[in-house]
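Everything below concerns the one structure shown next.
As the structure is a prediction and not an experimental result, all values here were calculated from the model. Chain identifiers are assigned alphabetically (A, B, ...) following the order of the sequence lines, protein sequences preceding nucleic acid strands; residue numbering begins at 1 within each chain. Computation of the quantities below employed the complete heavy-atom set of this structure, encompassing side-chain atoms and omitting hydrogens, waters and symmetry-equivalent molecules.
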Amino acid sequence: MATIVQAQPTSAAILRRRKFIRKGIASTLKYLILSLTASMFIIPFIWLLITSLKVTDQVFTDPPIWIPNPIAWVNYTNALLSPAFPFLNLMKNTLFYVLSTTLGTLVSSALVAYGFSRIRFQGRDFLFAVTLSTMMMPGIVTLIPTYVLFKTIGWVGSYAPLVVPSFFGAAFNIFLLRQFMITVPYELTDAALVDGANHFDILWRIMIPLVKPAFLVIGVMNVMWVWNDFMGPLIYLSDQKMYPLVMGLSAFQTQHSIIWNQLMAASLATCFPLIVLFFIAQRYFIEGITLTGLKGV
Amino acid sequence: MTVVQAISKITMPRLSRQARDNLTGYLFVLPWILSLLVFTAYPMIASIYFSMTRYNVLNPPQWIGLANFNEMFRVDPLYWTSVSNTAYYVFFAVPLGLAFGLVLALLLNQNVKGIGFFRTVFYLPGLVPAVASTLLWMLLLNPQLGLVNQLLGVLGIGKLGWLGSPTWSKPGLILMSLWGGTGGTMLIFLAGLKEIPQSLIEAAMMDGANAWQRFWVITIPMISTTIFFNLVMGIIGSFQVFASAYVAAGNGAGPLNTLLMYMLLLYRNAFRYFNMGYAAAMALVLFVVLVILTLVMVRFSRNWVHFEDANR
């Protein structure tokens, strides 16, 4: 009896098995597409690494060489120690540019966001509406007059035009921090006020610890933007000794009629610190991108 | 009562609570008010003035009325070249980026194992500075022995000229933008997809809706704000594409000026020829076009974007 039942499975069982097979096909297809796309994204990276380790006559070959032989570590010493790409100096400039603007944007955005979220001053809502409206505004229109302004006061050729504005706040960062700060209960800050704390104490001891994740998101996003900023330094800096990494890389390319293996070594060195930071603070990078998307409009 | 408090009570007139709040409030937001005035309001007004002058930074600006706009629209052939190049770039890069980003996000949203790995892989190119990624792609897109052409050769497609060819230079640039930008778009979509209540999807499944129907009836309307946001930001960003075109064109404008993007022409006029008035006029026109485009999109979006509620 039992064998007969097994030999003739019920229609429900057939359906279940079909569904199982269909699910199997769907999931295989899903992973196939994902892996295929993932390899399209990752192969350029691998090629960057491989090329940076090749001797010159292995860079362009038919068929392509996937395993450099010998492994030419010398490309890195050649590129990073060459006077055309003074890596340590470029790195020092980048770190200065990145850290000073990050400090500026964190301090100023915290102060302004606190004012918008905790103090009921007249005209606050109007000012906040103005802030929101500048958030989506294309920055292009301010480029020329801002340059003229900095030229007039003699700041062009220095880092001042690139760094000083960050100490006066940025619309999006203010908005983001304010959104987090208004979620902090008033009881908490009012109690501190009654106990005689001033607003700076409250900002520093209560608010900032409570909105730390938002703070880190802003910091990490600023590091990323400024690390990769090309147009700002291109417009405002003229002395090669002051160049940040991306500018140094661009200059390296134009001066040396493209020595690909060294150029790739220099490119990798330019983005390597940021990639390391990404793996350390991945959560904040991803949150940052996501918040930019969801908290906008 | 301490001495200090006692003194301050005598010397300072007592302020009402509102006056005190006004004072502290404005002190806290003071940096931002200055920034709005100096780095936003002044430049916006000044750019209208500069656009009607001839100005090389060294000599004082000279009023020439609408001559810059006349030059731009009627005389300078490079202006329209840059407009059509940029339009081409935006027209392909933005929709393709949105579509790829959405597809990847949909795939990753289905309880995939190793989602963290895939997410990292797709996002990683977004960390590479435009200068470095453009150099990398110049290597990959080498017309003779680049990896991309060798791959196309395996697939039986002939070698393409890419950045050296007038026909293929812009597709090359778009390819670069997809590699670098899709990951970020995907992350935003993924966050939007995670916000869709599971109960809604289950209810639709109970009613017998298949995956295709669920996608069009639930997923798309539920993430319409995200799509809209990505669209607006994508258009604003792509119209201002600069670094990749600057590097790929190697101090030039690409074969037959095909990589001469709007911002590249603007940059040249401003900082190579010091033709500030003309550059300011170009910037103003782009600004007005982008604002109009954004407003039009907001207007039309009311038909298809489903905002959840006003105070998000």
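- At a 4.5 Å heavy-atom cutoff, the contact between F271(B) and chain A is made by side-chain atoms alone.
- With hydrogens and angles ignored, the 3.5 Å screen pairs a side-chain donor or acceptor of Y31(A) with a backbone N or O of K113(B).
- Using a 4.5 Å cut-off between heavy atoms, F242(B) touches chain A through its side chain atoms alone.
- Counting only heavy atoms from C-beta outward, the side chains of I144(A) and L266(B) approach each other to under 4.5 Å.
- No side-chain donor-acceptor contact under 3.5 Å links Q110(B) to the backbone of S27(A).
- Ring pair F278(A)/Y123(B): centre-to-centre distance below 6.0 Å.
- In this structure, chain B has heavy atoms under 4.5 Å from both the backbone and the side chain of F116(A).
- Using a 4.5 Å cut-off between heavy atoms, Y267(B) contacts chain A through its side chain alone, with no backbone atom that close.
- Proximity of a side-chain donor or acceptor of Q18(B) to a complementary backbone N or O of R120(A) within less than 3.5 Å is detected.
- Contacts of Y49(B) with chain A are absent, with no heavy-atom separation under 4.5 Å from either backbone or side chain.
- Looking at I33(B), the atoms closer than 4.5 Å to chain A (heavy atoms on both sides) all sit in the side chain, from C-beta outward.
- From K151(A), atom NZ reaches atom CE of M276(B) across 8.0 Å, with rounding to the nearest 0.5 Å.
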Quick one, T270(A) with V131(B), criterion side-chain contact (heavy atoms from CB on, under 4.5 Å). Give me CA distance, side-chain angles, the key distance, then yes/no.
CA-CA 10 Å; T270(A) 300; V131(B) 176; over 6 Å; no
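- Heavy-atom distances place the side chain of V148(A), and not its backbone, under 4.5 Å from chain B.
- Proximity to chain B is absent for every atom of L268(A), based on heavy atoms less than 4.5 angstrom apart.
- Both the backbone and the side chain of F60(A) come within contact range of chain B, judged by heavy atoms closer than 4.5 Å.
- For a residue to count as touching a neighbouring chain, one of its non-hydrogen atoms must lie under 4.5 Å from one of that chain's; by this rule A171(A) touches chain B with backbone and side chain alike.
- Of the atoms belonging to L143(A), it is side-chain heavy atoms, and not backbone ones, that fall under 4.5 Å from chain B.
- Once rounded to the nearest 0.5 Å, the distance linking CZ of F287(B) with CE of M137(A) reads 5.5 Å.
- For T152(A), no part lies under 4.5 angstrom from a heavy atom of chain B.
- For chain B, no part of L245(A) is nearby; none of its heavy atoms comes within less than 4.5 Å.
- In this structure, the portion of I174(A) lying under 4.5 Å from any heavy atom of chain B is its side chain and not its backbone.
- Taking the six-membered ring where the residue is Trp, the centroids of F128(A) and W32(B) are separated by 6.0 Å or more.
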